[in-house]
Amino acid sequence: MNQDLSQPSVSQPSTWSQRFESALHPAIAQFNASIGFDIQLIEYDLIGSQAHARMLAHTGIIAAAEGEQLVDGLEQIRQEYRQGLFVPGVEAEDVHFAVERRLTEIVGDVGKKLHTARSRNDQVGTDTRLYLRDQIQQIRQRVRSFQSILLTLAEQHVETLIPGYTHLQRAQPLSLAHHLLAYFEMSQRDWERLGEIYQRVNISPLGSGALAGTTFPIDRHYTAELLNFGGVYANSLDGVSDRDFAIEFLCAASLIMVHLSRLAEEVILWASEEFGFVTLKDSCSTGSSIMPQKKNPDVPELVRGKTGRVFGHLQGLLVLMKGLPLAYNKDLQEDKEALFDAVVTVRGCLEAMTILLQEGLEFRVARLQAAVNEDFSNATDVADYLAGKGVPFREAYNLVGKVVKMSLAQGKLLKDLTLDEWKTLHPAFESDIYAAIEPAQVVSARNSYGGTGFAQVRHALQNAKAALS
């Protein structure tokens, strides 16, 4: 067929029905159309329409041969779209109308039967759920890849020490693996959360009609089964107007971005001259247009910036939904661009951060070791040491505060104090104080469940491997 598939059929009326006497104003037609973005749903629209056609034939609403014609015609549209031959324009308004119009061109008047017992309201709800169902699975796979590289790095750095911070002030030294595994745990919650949301996405609204169901003897469970939905909406009003599933996804997407952004911020700090904990490799950094010495952390900065974008989509959809009366309203057309962009953004950020960790940075182990040797992050261990000798902890705590103050005044670290100075401070101090405040021992000693002690970290690594498998 040599027909230009992107142009409307000459027999196609310019109005929806005989209720209208004239066509839309061109500017309003452009404003009203969603084909520019909802064309992304075309594969899902075709899948859903094929299931609907099969159901119509299955229930005897249309003849079996007509059902086959519809299914085959829809398959032809799929191939035309994949080959770049089907490119509907703004005159189609939306992907659903574009498909139906092209189907009628292919199979004739039987194509006009496809929309029997169906509304665009339940149709778009079905398409969106089919789309999001696939995207959730893809994002979960990206989360797993991100977790996998975190686990690999953690296995390499069990005994590498890094300063731990509270209030961005040096607090206590940590195993670097323990620090990385904190992000693994966050990502595990992300993975699980997406799985829970998937269950609520996987409910079919098809057959809800415009809002009240239909007079035709349809079989909603049959189409749900064909489309691998886990169930059907029990209320037709809810079926066409519910966007909880999209809001929940955007909540989950926002939390993924929170976690990526927190790690991104740390990488940005670690890569600075002041910290110097990591070296950025050329594959994941850029330079300055005027300062040749610079190497900029563009990947984590972009992730940090794109986080606000996803937050905005969540807020936008919440505001969109808060005042809508039942059932479907045109406002709901605005859910798709937010959803599509959030999906693309989260997927891209997960991939970028995975690549950054895998091949874009290197931890400077010697610098990290020096960092944990040049501060007072072992002060708590001095208090714990005294408490272990029978000194009440609060008394020990106050005493160590005085020790730190005195050391700062003398330009010393705790490790630099002589044994005589220790004993002057409290007779309970013995020569074993030096071993107790050595950074590796400070870390190793924190062996409570979930702590940074090396034994606990190795146990956490085994748990993380089990979670991935």
Side-chain angles (χ1 to χ4, degrees), residues 132-162 164 174-202 228 230 248-249 251-267 270 278 281 283-284 299-300 303 307 310 342-363 365 443 446-469:
L132 190 53
R133 194 173 67 179
D134 276 1
Q135 300 309 315
I136 285 174
Q137 296 293 54
Q138 292 180 34
I139 292 171
R140 290 184 95 203
Q141 291 173 7
R142 293 282 175 91
V143 171
R144 279 298 193 227
S145 297
F146 178 64
Q147 288 181 291
S148 180
I149 190 58
L150 284 169
L151 180 57
T152 298
L153 280 173
E155 288 180 304
Q156 296 170 2
H157 291 289
V158 173
E159 297 192 17
T160 300
L161 306 187
I162 187 172
L174 302 168
S175 159
L176 175 53
H178 188 61
H179 194 115
L180 294 169
L181 286 174
Y183 287 101
F184 182 97
E185 294 294 331
M186 296 179 209
S187 299
Q188 181 63 19
R189 293 194 295 274
D190 292 329
W191 187 84
E192 292 171 356
R193 191 177 292 111
L194 285 170
E196 294 161 4
I197 293 168
Y198 181 94
Q199 301 304 317
R200 287 184 287 280
V201 172
N202 198 31
N228 295 314
E248 280 195 86
F249 169 76
C251 286
S254 294
L255 282 171
I256 291 172
M257 294 303 297
V258 165
H259 300 150
L260 292 179
S261 186
R262 294 182 73 182
L263 178 55
E265 173 67 11
E266 294 204 300
V267 170
W270 292 344
V278 298
K281 297 185 179 180
S283 61
C284 291
V299 171
V303 169
T307 298
V310 177
V343 164
V344 170
T345 302
V346 170
R347 270 198 335 230
C349 289
L350 278 166
E351 181 180 24
M353 287 297 286
T354 300
I355 293 170
L356 177 68
L357 293 180
Q358 189 168 28
E359 57 185 76
L361 60 79
E362 183 177 353
F363 284 98
V365 176
V443 173
R446 283 177 164 71
N447 206 34
S448 57
Y449 181 81
T452 192
F454 301 131
Q456 284 299 317
V457 169
R458 291 189 176 93
H459 179 64
L461 284 170
Q462 293 304 312
N463 289 341
K465 288 180 183 177
L468 288 186
S469 64

Working to the nearest 0.5 angstrom, can you tell me the gap between [X] [atom1] and [Y] [atom2]?
{"X": "Asp190", "Y": "Arg142", "atom1": "CG", "atom2": "CZ", "result": "15.0 Å"}
{"X": "Leu174", "Y": "Thr160", "atom1": "CG", "atom2": "OG1", "result": "12.5 Å"}
{"X": "Asp134", "Y": "Ile139", "atom1": "CG", "atom2": "CD1", "result": "11.0 Å"}
{"X": "Ile136", "Y": "Glu248", "atom1": "CD1", "atom2": "CD", "result": "9.0 Å"}
{"X": "Met186", "Y": "Leu255", "atom1": "CE", "atom2": "CG", "result": "11.0 Å"}
{"X": "His459", "Y": "Tyr449", "atom1": "NE2", "atom2": "OH", "result": "5.0 Å"}

Taking all heavy atoms of [X] and all of [Y], pick out the closest pair and write down the distance.
{"X": "Val303", "Y": "Ser261", "answer": "CG1-N, 4.2 Å"}
{"X": "Val143", "Y": "Ser187", "answer": "CG1-O, 3.5 Å"}
{"X": "Ala455", "Y": "Asn447", "answer": "CB-OD1, 3.4 Å"}
{"X": "Gly451", "Y": "Val457", "answer": "O-CG2, 4.2 Å"}

Query raised in the report: Going by an N to O cut-off under 4.0 Å, is there a salt bridge joining Glu159 and Arg458?
Result: yes

Report task. Start with the C-alpha gap between Leu132 and Phe249, add the side-chain angles, then the distance that decides, and say whether side chain to side chain contact (heavy atoms under 4.5 Å, CB included) holds. Result -> CA-CA 9 Å; Leu132 190 53; Phe249 169 76; 3.8 Å; yes

Report task. List in chain and number order the residues that pass ring pair (Phe, Tyr, Trp, His ring centres under 6.0 Å) with His259, two or more places apart in sequence or in another chain; answer none if no residue qualifies. Result -> none

Requested in this report: Using a 4.5 Å cut-off on heavy atoms from C-beta on, say whether the side chain of Ile256 contacts that of Leu194.
Outcome: yes

Query raised in the report: Does any non-hydrogen side-chain atom of Asn228 lie less than 4.5 Å from one of Arg133?
Result: yes

Which pairs would a plain distance check flag for residues 145-155, meaning a side-chain donor or acceptor within less than 3.5 Å of a matching protein atom at least two apart in sequence or in another chain?
{"from": "Ser145", "atom 1": "OG", "to": "Gln141", "atom 2": "O", "distance (Å)": "3.3"}
{"from": "Gln147", "atom 1": "OE1", "to": "Arg144", "atom 2": "NH1", "distance (Å)": "2.6"}
{"from": "Gln147", "atom 1": "NE2", "to": "Phe184", "atom 2": "O", "distance (Å)": "3.4"}
{"from": "Gln147", "atom 1": "NE2", "to": "Gln188", "atom 2": "OE1", "distance (Å)": "3.0"}
{"from": "Thr152", "atom 1": "OG1", "to": "Ser148", "atom 2": "O", "distance (Å)": "3.0"}
{"from": "Glu155", "atom 1": "OE2", "to": "Lys465", "atom 2": "NZ", "distance (Å)": "2.7"}

Can you give me every donor-acceptor pair (side chain of residues 344-363, partner residue at least two apart or in another chain, under 3.5 Å) with its distance?
{"from": "Thr345", "atom 1": "OG1", "to": "Asp341", "atom 2": "O", "distance (Å)": "2.7"}
{"from": "Arg347", "atom 1": "NH1", "to": "Gln135", "atom 2": "OE1", "distance (Å)": "2.4"}
{"from": "Thr354", "atom 1": "OG1", "to": "Leu350", "atom 2": "O", "distance (Å)": "2.7"}

Report task. Please answer whether the main-chain N or O of Val158 pairs with a side-chain N or O of Ser175 as donor and acceptor at a distance below 3.5 Å. Result -> yes

Report task. Taking atom CZ of Arg262 as the centre, report whether more than 12 heavy atoms of other residues, nucleotides or ligands fall under 6.0 Å from it. Result -> no

